[in-house]
Amino acid sequence: MLNEFYSVRMRAAEGGAHEQGGRHISGGERLGQKGDLHELAAELLAKSLNHSRGDCDFIQVVIEKLHGQEMKTISPLPVSTEHVRNVAEGREKAAFLLSTLGISDEAIKRGLNLLKRSTRQRGAMIIDSQTGQRLDERELKGVRVSRMDWEAKGWEKWSASYRTLSSSRIREALALASKVASSPYTLAELCWSDDPDYVTGYVASPSIGYRRITHLKEIGDSCGGRIFFAERGCNISAYIAYLEKTPVWLQYEPTNLISEGGQGYEGLGRSGVTANP
Ligand code: WAQ
Ligand code: MG
């Protein structure tokens, strides 16, 4: 049957299931049709095994049919990279970008501190963009953004245009960041990986796009995660419902956009990426 979609989600932990105190290792979320399910489940299983964070002993894959839910279509955020020399410079750059987006110094400080300390977090932490207070009450579970994926042709075209960036990690991060930025409750997102071998992170928002920053933590460090800075007065349950439940497809048509102001968006033929291409 045409247009029947399924959500496929995976979570994996070491030392038992997450709810039994196991340490989060890996997660993933994809969308597809019935004929894609074998492949999607196998890809997520492969992602959880041989992970740089550890050897998981709990892996759960959940497949759910999306009964007649309307699919929303969005474009990936434009991508650019800030090359920094070290972590201090990277975090300063992240703080500067967040402040230009209207996030208070207090919220920026709290957001950075949360990520520095976070080594077991499964989903994102939502904080108020002015007070810096945590708004979700999910503790280590956080809010897992689900039900988003690239439309197959869209990813094909994007990865052909941005060859140096076409990894599965960036594929996933850009899908997530684009869905998060598409909510009117999001002012900005700050992310770096909790994987000890990956130090590039990003700040994302509708106005600055997906702005990669080449060093946001030291190699070997297992801290990391995601902070969503919410607009003042955000309806937290509607926000979480959108992030977790609304199915979103990413579509992409190349435009050869060259941005103004010297902050070039990376595209055809541009490389210039030094860390974690
Ligand atoms: N929803 C909410 N939070 C998530 C999700 C999700 N679907 N996926 C991951 N997280 C949180 C969770 O706490 C993870 O432990 C943490 O983020 C890091 O996830 O070069 O690889 O998959 O442009 O380790 C960004 C830069 C890489 C990529 C981010 O994150 C680039 C990355 P990871
Ligand atoms: Mg990770």
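FYI, side chains are in, hydrogens and waters are out, and symmetry mates aren't considered; it's all heavy atoms of this structure.
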Residues [X] and [Y] bridged, charged N to O under 4.0 Å:
X      : Y      : answer
Lys153 : Glu156 : no
Arg169 : Asp195 : yes
Glu189 : Arg226 : yes
Glu14  : Arg53  : no
Arg138 : Glu244 : yes

Quiz prompt | Counterpart residues, salt bridge (charged side-chain N to carboxylate O under 4.0 Å, His left out), relative to Lys47 (two or more places apart) | solution = Glu172
Practice problem: Please name all residues satisfying salt bridge (charged side-chain N to carboxylate O under 4.0 Å, His left out) with Lys141, sequence neighbours left out, ordered by chain then number. | Solution: none
Quiz prompt | Hydrophobic cluster of Ile25, others only, ordered by chain and residue number, side-chain cut-off 4.5 Å | solution = none
Quiz item: Which other residues belong to the hydrophobic cluster containing Leu44, where Ile, Leu, Val, Met, Phe, Trp and Tyr are joined when side-chain heavy atoms lie under 4.5 Å apart, directly or via other members?
Solution: Tyr6, Val8, Met10, Leu37, Leu40, Leu45, Leu49, Ile59, Val61, Ile63
Exercise. Please name all residues satisfying side-chain hydrogen bond (donor to acceptor under 3.5 Å, both in side chains) with Ser52, sequence neighbours left out, ordered by chain then number.
Key: Asp197
Quiz item: Taking only residues two or more places apart in sequence, or in another chain, which ones meet Ser182 in a side-chain hydrogen bond (donor to acceptor under 3.5 Å, both in side chains)?
Solution: Tyr242
Quiz item: Does Glu106 CD have over 12 foreign heavy atoms under 6.0 Å away?
Solution: yes
Quiz item: Is there a path of hydrophobic side-chain contacts, each under 4.5 Å between heavy atoms of I, L, V, M, F, W or Y residues, that connects Ile240 with Leu140?
Solution: no
Self-check item: Same cluster (ILVMFWY, side-chain, under 4.5 Å), Trp192 and Ile208
Solution: yes
Exercise. Find the distance between CG (Leu174) and CZ (Arg212) and round it off to the nearest 0.5 Å.
Key: 10.0 Å
Exercise. Just say parallel, tilted or perpendicular for the rings of Trp249 and Phe5, cut-offs at 30° and 60°.
Key: perpendicular
